[in-house]
Protein chains: 2
Amino acid sequence: MAQNVGAPNKEPSDGYQLRVVQEVLLALLAKEASHGYQVRARLQLALGPLAEALNAGQVYVTLNRLEKAGLVSAERVGQPDRPDRKVYELTRAGRTRVLEWLGDTSWPKPAPAEFHLKLVAAAAAGLADPERLVADQRHALLAGLAAAQRAALTEPDGSVAGLLLEGVVLRLEADLRWLDTCAQYWTSRKAR
Amino acid sequence: MAQNVGAPNKEPSDGYQLRVVQEVLLALLAKEASHGYQVRARLQLALGPLAEALNAGQVYVTLNRLEKAGLVSAERVGQPDRPDRKVYELTRAGRTRVLEWLGDTSWPKPAPAEFHLKLVAAAAAGLADPERLVADQRHALLAGLAAAQRAALTEPDGSVAGLLLEGVVLRLEADLRWLDTCAQYWTSRKAR
DNA sequence: CTTACTCATCTAACGGTTAGATAGGCCGTG
DNA sequence: CACGGCCTATCTAACCGTTAGATGAGTAAG
């Protein structure tokens, strides 16, 4: 019956979504030529406990696509007693792209639009009580916030990963404040 | 020389990214069977000024994939003096999926990881001054915040779109606060 | 008559993301 | 010794999200 559109996505796990992986990999290669496994390790270092966001395969897929696009060049290097490596190096076009990226100040501007649409759709179809949905979401977010704060404490003081976690915490707090606004809105709307 | 990996992405414009479009469309169809154009209009209503995020084609692509997956069924309806419509209706599997979605409280947990990695990579490769990058980004974010606040004022009081814009504003404020933390971090790191 | 807009749908192609396959070497346990 | 489990290292198929742009027929304005 094949009703599994999002089946491969069965575990949303902790989508600390990344996007723009291409540019990130290019920038890492700008420091020094590396093979995929190494790049991946460097990325994990920078991401700290949020490294789960990065699927190993993604690094290789992206590197291949970059090679096809002529932004990097690859060379296979054999080693004794170890799997071969494929060492990637920036091309001139790649270097240009990195500099463009560094100068680009566009920002994702992500809104919690998904949840918002959930409320609107649920209310319109009478499928669920918006106030209940907000309350449930609030509960989940509080748990996430606590987890992030715990993780931040575990990080050594002044680590890069700690900085990133601070960003996660600030966002979650903002989202919680927004949920309060949502609650007010839908409560008053029910009253009408 | 085909260096255009991200060429189609030339204008990042205003990526108010959505994701989980599938579930949103399903939920809208839960209220009543509709054709693509109508669903799109309903979505734009709910998103207000953020509707630019939605490319028309995306609705049709998604509906087609949902049909292939057996979550909706389609029926072509001709009309005089107008293009045909394709009316979509939820299947039982589709209805199940919507209810699952409503009960799911997972949250994107998006961190501004992209910018963070930009700083890390730029500093490591000595390609740019992190403090400068932060300053530039701050400037861009302040402009975005002002635009969002302006848009919020334009919205009629108590509109759904205004609620969503409030979320955007809160997030941008949180991101700005995080940028301050970043500035401190990279300044103190330079001192060392 | 031309210009431009609304209705309505579709396509090709890209980038992000994932689960899982592959294949060798290392190490400790029973 | 054999076995399981971990590390190195890469790749694939298949999704989903997203975009620019094509198509084609009405309708309204100038």
Side-chain angles (χ1 to χ4, degrees), chain A residues 2 4-26 34-41 44 52-69 71 74 76-88 108 110 113-114, chain B residues 2 4-26 34-41 44 52-69 71 74 76-88 108 110 113-114:
Chain A
N4 48 340
V5 171
N9 195 15
K10 51 163 63 172
E11 286 246 3
S13 65
D14 273 323
Y16 286 97
Q17 69 251 60
L18 260 195
R19 57 204 329 90
V20 202
V21 172
Q22 292 197 6
E23 275 81 0
V24 172
L25 292 191
L26 285 177
S34 309
H35 57 277
Y37 198 83
Q38 197 175 51
V39 166
R40 188 185 151 223
Q44 285 177 327
E52 307 142 19
L54 201 76
N55 181 294
Q58 196 173 338
V59 172
Y60 296 100
V61 170
T62 304
L63 285 174
N64 269 324
R65 308 221 260 228
L66 287 174
E67 190 186 357
K68 249 174 225 152
L71 298 174
R76 199 149 208 129
V77 178
Q79 342 174 73
D81 290 357
R82 294 239 152 268
D84 286 4
R85 287 170 173 172
K86 232 171 119 180
V87 175
Y88 291 91
E114 182 192 334
Chain B
N4 48 340
V5 170
N9 196 14
K10 50 163 63 172
E11 286 247 3
S13 66
D14 273 323
Y16 285 97
Q17 69 252 62
L18 259 195
R19 56 206 324 90
V20 202
V21 172
Q22 291 197 7
E23 275 81 359
V24 172
L25 292 191
L26 286 176
S34 310
H35 58 276
Y37 197 83
Q38 196 174 53
V39 165
R40 189 186 151 223
Q44 285 177 327
E52 307 143 19
L54 200 77
N55 182 293
Q58 196 173 339
V59 172
Y60 296 100
V61 171
T62 305
L63 285 174
N64 268 324
R65 308 222 260 230
L66 287 173
E67 189 186 0
K68 248 175 225 152
L71 297 175
R76 197 146 210 132
V77 178
Q79 339 174 77
D81 290 356
R82 292 242 152 267
D84 286 6
R85 288 171 173 171
K86 232 171 118 179
V87 175
Y88 291 91
E114 182 192 334

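Since this is a predicted model, take the numbers as computed values, not measurements. The chains referred to below are lettered A, B, ... by the order of the sequence lines, with proteins before strands, and numbering in each begins at 1.
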**Request:** Measure from the side chain of Val61(B), starting at C-beta and using heavy atoms only, and say which of dT18(D), dA13(D), dG16(C) lies closest.
**Result:** dT18(D)
**Asked** How long is the line joining CD of Gln58(A) and P of dG20(C), in whole Å?
**Response** 17 Å
**Closest heavy-atom pair and its distance - Asp84(B), Gln79(B)** = OD1-N, 4.1 Å
**Asked** Checking all strands, does Asp81(B) fall into the base, sugar-phosphate, or nothing category for heavy-atom contacts under 4.0 angstrom?
**Response** sugar-phosphate
**Request:** Without swapping roles, check the side chain of Glu67(A) against the backbone of Leu71(A) for a donor-acceptor pair under 3.5 Å.
**Result:** no
**Message:** With a 4.5 Å cut-off on side-chain heavy atoms, are Tyr60(B) and Asn55(B) touching?
**Reply:** no
**Request:** For Asn55(B) and dC10(C), give me the distance from atom CG to atom C1', rounded to whole Å.
**Result:** 12 Å
**Fill in**
To the nearest angstrom, the CG-P distance between Asn64(B) and dT19(D) comes to 18 Å
**Asked** Nearest heavy-atom pair of Ser34(A) and Val39(A): which atoms, and what distance?
**Response** CB-CG2, 3.7 Å
**Request:** Nearest whole angstrom, please: distance from the C1' of dA20(D) to the CG of Leu54(B).
**Result:** 15 Å
**Asked** Under 4.5 Å between any side-chain heavy atoms of Lys86(A) and Asn64(A), yes or no?
**Response** yes
**Item:** Whole angstrom value for the distance that separates P of dC14(C) from CG of Leu71(A)
**Value:** 13 Å
**Asked** Of the non-hydrogen atoms in Val59(B) and Leu25(B), which two are nearest, and what is the gap between them?
**Response** O-CD1, 4.0 Å
**Item:** Rounded distance in Å - CG (Leu26(A)) to C1' (dG16(C))
**Value:** 15 Å
**Request:** Report the distance from atom CD of Glu67(A) to atom P of dT10(D), rounded to the nearest whole Å.
**Result:** 12 Å
**Request:** Starting from P on dT18(D), measure out to CD on Gln22(B) and report it in whole angstrom.
**Result:** 11 Å
Polar atom pairs (N or O), protein with nucleotides 7-9 of chain C, under 3.5 Å:
residue : atom : partner  : partner atom : Å
dC7(C)  : OP2  : Tyr37(B) : OH           : 2.7
dA8(C)  : OP1  : Gln79(B) : NE2          : 3.1
dA8(C)  : OP1  : Arg85(B) : NE           : 2.8
dA8(C)  : OP1  : Arg85(B) : NH2          : 3.0
dA8(C)  : O3'  : Asp84(B) : O            : 3.2
dT9(C)  : OP1  : Lys86(B) : N            : 2.4
dT9(C)  : OP2  : Gly36(B) : N            : 3.2
dT9(C)  : OP2  : Tyr37(B) : N            : 2.9
dT9(C)  : OP2  : Tyr60(B) : OH           : 3.3

